[in-house]
Protein chains: 2
Amino acid sequence: MKADMPLNRILRGECVEVMKTLPDASVNCVFADPPYNLQLRGELRRPDESVVDGVDDDWDKFTGYEAYDEFTRAWLGEARRLLHKDGTIWVIGSYHNIFRLGAIMQDLGFWILNDIIWRKSNPMPNFRGRRFTNAHETLIWAARGPESKYRFNYQAMKALNEDLQMRSDWYLPLCTGNERLKNDHGLKLHPTQKPESLLHRTLLAATVEDDVVLDPFCGTGTTPAVAKKLGRRYLAIERHPDYIKAAEARLERVEVLPADQLEITPAKREMPRIPFGSFVENGSLPAGTVVYDRQKRLKARVSPDGTLVSGQHRGSIHKLGALLTNAASCNGWTFWYFERDGQFLSIDTLRQETHLLRRTA
Amino acid sequence: MKADMPLNRILRGECVEVMKTLPDASVNCVFADPPYNLQLRGELRRPDESVVDGVDDDWDKFTGYEAYDEFTRAWLGEARRLLHKDGTIWVIGSYHNIFRLGAIMQDLGFWILNDIIWRKSNPMPNFRGRRFTNAHETLIWAARGPESKYRFNYQAMKALNEDLQMRSDWYLPLCTGNERLKNDHGLKLHPTQKPESLLHRTLLAATVEDDVVLDPFCGTGTTPAVAKKLGRRYLAIERHPDYIKAAEARLERVEVLPADQLEITPAKREMPRIPFGSFVENGSLPAGTVVYDRQKRLKARVSPDGTLVSGQHRGSIHKLGALLTNAASCNGWTFWYFERDGQFLSIDTLRQETHLLRRTA
DNA sequence: AGAAGTTATGAATCCTCTC
DNA sequence: GGAGAGGATTCATAACTTC
């Protein structure tokens with residue numbers, strides 16, 4: 001790296017202005033969590049009447065898509081100039097901004113390697129029931145250009161995923177609990193602090209020891225903290241003095257992992273769960289099929305949304321089984337049967353077959 | 001729909017040209033799986049397969065993106081014109097094209113409701129180990145505009161997912177096996193045939209019976225096939241006669257679910273409204289009855305006009321519940337309880353019983 | 001001490017009809 | 001079109017409190 005290059009520091013200022021002071025091709029990897037341009041309108045309450053603390057900070061306010069695009073082109077252009085020819089960049093966003101980010105990255109000459117889905121294990125629900133639960137964010141991973149000889153630690157990623165190739169969908173929890181930095185009032189210090197697990201995986205995938213990692217939107221310092229922990233060098237930019245102060249205190253507490261301990265904690269595995277509705281969707285138990293209890297004393301019909309209907313009653317396989325037998329509860333999987341090729345089979349057969357397929361796949 | 005509107009047909013031709021012949025606001029929902037052959041070949045081709053000329057350099061990425069964007073703006077613009085003001089559109093793509101699609105949709109005035117991740121249970125592995133396994137595709141679900149009163153069958157989606165809110169990440173298998181259409185040589189007929197399960201979920205979420213669904217890139221007819229099965233009307237556009245032939249033969253084999261089997265879990269909003277006062281009038285909850293909150297910490301008395309009175313306060317079941325709990329709002333139906341035959345029941349029980357009676361009547 | 005119950009909260013473009 | 005009223009709507013997790 002250049003002699004005049006500040007390293008392992010958080011620089012205060014506007015990210016574009018500060019980046020302009022840095023030399024070409026001086027960083028190996030960029031991680032950027034830019035403003036999302038959320039455009040929230042009114043107040044939102046949970047069903048229990050509590051108010052959702054949305055992102056209403058000034059830094060997320062833009063006059064429109066054009067202003068957002070202009071800002072995006074400016075910082076991405078500088079980031080590309082700072083990136084070594086074989087370097088890569090990670091950018092995270094949601095549907096509000098990720099499409100603009102991705103298109104502008106392509107226009108600027110970045111070469112997209114993957115889009116990665118961060119599936120949240122504990123997302124905020126959709127309280128008004130008007131959309132699907134927004135349960136993920138998207139990361140774009142791109143090389144500086146199509147000819148870049150970029151770094152990808154394939155075996156490390158495979159090891160992280162129980163010796164299976166790491167896929168483009170990652171299942172990780174939000175940053176909550178003690179990991180989440182708090183202010184003096186015990187409230188979250190930053191509205192969008194990212195979990196260290198996310199940075200751990202991105203940096204471990206795309207960098208080697210002593211690489212320089214740049215974060216133009218440092219916030220409370222998750223990127224520098226994980227970079228330091230993993231024995232990478234860092235450079236971060238942040239406008240707000242309070243965030244810089246918190247990030248610097250946080251960095252003080254981070255211990256660098258000894259080289260021989262730079263190994264991997266396996267990711268938490270998601271429990272496979274198969275909704276009954278999936279068999280309706282995939283046609284193995286189509287809507288309209290009649291199902292029975294084992295003695296064929298009761299029957300019900302399968303609806304397109306995976307509920308069962310019997311007379312005036314509608315409900316899940318479990319609820320309808322309980323209702324029709326006056327039981328407090330019922331395991332619908334083993335209660336209901338259907339006919340296939342002359343055989344009378346429990347619907348749990350379908351689930352068992354699916355588990356078998358997944359294990360052999 | 002307009003009298004001159006062809007329905008339940010596959011129209012042959014270029015999608016933009018054909019769409020231009022159709023009237024404004026004539027479809028309720030669009031599902032589009034556009035081509036994304038951006039730079040996958042040595043020679044540069046437009047999405048309509050014509051070769052881009054006028055490029056002296058070996059390779060010009062900007063021309064490639066520009067041609068793709070031009071085509072995208074054209075068909076999305078027509079799709080938006082054809083969409084009813086409260087209609088929604090689904091567009092599917094991968095990281096090659098989804099960012100351009102999404103940004104152009106926003107520029108044209110579409111209002112994104114969700115981005116949905118189709119997680120593939122059986123993706124193709126990454127053979128060279130140079131990237132993460134590309135294990136998903138992205139769908140964008142958008143309303144025609146921010147003010148659209150769009151359709152979302154929330155309860156049906158929740159039922160499909162074991163009574164939990166449906167999330168933005170969907171786990172579905174690829175279209176394989178008998179579902180995959182083959183040509184005379186036993187090879188796959190179409191390179192990107194989508195699974196019916198994917199269309200089942202999208203159409204069930206965003207349409208009602210008899211809605212008109214448009215697919216501008218029909219291919220082998222998955223969209224019309226599922227639309228027909230679910231009792232929706234369709235309109236599809238396709239260039240290749242071979243695909244049209246296969247799709248028409250496929251549609252012949254599809255059976256429409258009978259109307260009584262098409263019903264899904266109803267939304268409470270759509271149930272006929274019953275005034276609380278009607279229970280006072282018909283004597284099932286006479287004036288003078290005392291009602292309580294669930295913990296029996298509050299109580300109020302029913303007036304002959306269906307208002308509740310508590311101390312100095314009088315108001316509707318909702319207003320009084322909100323007032324006494326200092327809440328911004330309150331659903332009185334589930335807030336207030338009464339006693340009947342020794343049981344402590346929510347007043348919503350009365351409403352549910354009435355709904356049930358009306359259905360059997 | 002440990003089990004069981006309660007509370008708080010997360011990048012959110014989050015209602016609809018009638019007058 | 002604006003105002004007001006009716007009334008529909010939540011999941012996972014961690015920390016804290018109570019027994």
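Values below: all heavy atoms of this structure, side chains included; hydrogens, waters and symmetry mates excluded.
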When you get a sec, tell me which of [options] is the closest nucleotide to the side chain of [X]?
X: B:Trp111; options: D:dT10, C:dT13, C:dA11; value: C:dT13
X: B:Tyr154; options: D:dT10, C:dT13, D:dG7; value: D:dT10
X: A:Tyr95; options: C:dA11, C:dA12, D:dG6; value: C:dA12
X: A:Leu44; options: C:dA11, D:dG7, C:dC14; value: C:dC14
X: A:Arg180; options: C:dA11, C:dA12, D:dA8; value: C:dA11
X: A:Arg128; options: C:dA11, C:dC15, C:dG10; value: C:dC15
X: A:Asn122; options: D:dG6, C:dA12, D:dT13; value: D:dT13

Side chains of [X] and [Y] in contact at under 4.5 Å (non-hydrogen atoms):
X: A:Thr176; Y: A:Asn122; answer: yes
X: A:His96; Y: A:Asn37; answer: no
X: B:Leu324; Y: B:Asp293; answer: no
X: A:Lys229; Y: A:His200; answer: yes
X: A:Arg131; Y: B:Tyr150; answer: yes
X: B:Asn153; Y: B:Arg151; answer: yes

Kindly give the atom pairs (protein nitrogen or oxygen, nucleotide nitrogen or oxygen) under 3.5 Å for nucleotides 16-19 of chain C.
unit_1 : atom_1 : unit_2   : atom_2 : d
C:dT16 : OP1    : A:Arg130 : NE     : 3.4
C:dT16 : OP1    : A:Arg130 : NH2    : 3.2

Residue closer to the 5' end of DNA chain D, A:Asn126 versus B:Ile317 (nearest nucleotide): B:Ile317
Hey, what do you get for CZ (B:Arg301) to CG (B:Leu308), rounding to the nearest 0.5 Å? 11.5 Å
State whether A:Asp242 and A:Lys245 are salt-bridged, where the test is any N-O pair (Lys NZ or Arg NE/NH1/NH2 against Asp/Glu carboxylate O) under 4.0 Å. no
Is it the case that over 12 heavy atoms from other parts of the model lie below 6.0 angstrom from the [atom1] atom of [X]?
X: A:Lys188; atom1: NZ; value: yes
X: A:Glu70; atom1: CD; value: no
X: A:Arg130; atom1: CZ; value: yes

Can A:Phe127 be classed as stacking with the base of D:dT10, given a centroid separation cut-off of 5.5 Å and a plane angle cut-off of 30°? no
Which value, in whole Å, describes the distance between the [atom1] atoms of nucleotides [N] and [M]?
N: C:dT18; M: C:dC14; atom1: C1'; answer: 22 Å
N: C:dA11; M: D:dA15; atom1: C1'; answer: 23 Å
N: C:dT9; M: D:dT10; atom1: C1'; answer: 12 Å
N: C:dT13; M: D:dT13; atom1: C1'; answer: 26 Å

Is any side-chain nitrogen or oxygen of [X] closer than 4.0 Å to OP1 or OP2 of [N]?
X: B:Ser316; N: D:dG6; answer: yes
X: B:Gln155; N: D:dT9; answer: yes
X: B:His318; N: D:dG7; answer: yes

Scan nucleotides 14-19 of chain D nucleotide by nucleotide, 5' to 3', and note B when protein non-hydrogen atoms come under 4.0 Å of the base, S if they reach only the sugar-phosphate, - if neither. SS----
Whole-Å distance between [N] [atom2] and [X] [atom1]?
X: A:Arg119; N: D:dT13; atom1: CZ; atom2: P; result: 12 Å
X: A:Asp48; N: D:dT10; atom1: CG; atom2: P; result: 12 Å
X: A:Asp53; N: C:dA11; atom1: CG; atom2: P; result: 10 Å
X: B:Asp169; N: D:dC11; atom1: CG; atom2: P; result: 14 Å
X: B:Gln165; N: D:dA8; atom1: CD; atom2: P; result: 17 Å
X: B:Glu162; N: D:dT10; atom1: CD; atom2: C1'; result: 18 Å
X: A:Leu40; N: C:dG10; atom1: CG; atom2: C1'; result: 13 Å
X: B:Phe335; N: D:dG7; atom1: CZ; atom2: C1'; result: 14 Å

Regarding [X], tell me which of base, sugar-phosphate or nothing describes its non-hydrogen contacts under 4.0 Å with the strands shown.
X: A:Asn134; result: sugar-phosphate
X: A:Trp118; result: nothing
X: A:Arg41; result: sugar-phosphate
X: B:Leu164; result: sugar-phosphate
X: B:Pro275; result: nothing
X: B:Pro146; result: nothing
X: A:Cys175; result: nothing
X: A:Thr192; result: base
X: B:Arg167; result: nothing
X: B:Glu270; result: nothing
X: B:Gly332; result: nothing
X: B:Lys158; result: sugar-phosphate
X: A:Thr133; result: nothing

Specify whether A:Trp75 and A:Phe217 have parallel, tilted or perpendicular ring planes, treating 30° as the upper limit for parallel and 60° as the lower limit for perpendicular. perpendicular
Would you please classify the geometry between the A:Tyr243 ring and the A:His190 ring as parallel, tilted or perpendicular, with 30° and 60° separating the classes? tilted
N-glycosidic conformation, D:dT13 - syn within 90 degrees of 0, else anti: anti
Here the helical stems involving DNA chain C, each at least 3 consecutive Watson-Crick or G-U pairs closer than 3.5 Å, sorted by first residue number, are C:2-10 with D:11-19, C:15-19 with D:2-6
When B:Val291, B:Leu298, B:Ile317 are each screened for side chain to side chain contact (heavy atoms under 4.5 Å, CB included) with B:Phe335, the one that passes is B:Leu298
Check this for me: does the side-chain of A:Arg131 come within 3.5 Å of the base of C:dT13 through a donor and an acceptor? yes
Taking the six-membered ring for Trp, are the ring centroids of B:Trp336 and B:Phe276 within less than 6.0 Å of each other? no
Does A:Phe31 have A:Lys194 sitting over its ring (NZ/CZ under 6.0 Å from centre, angle to axis within 45°)? no
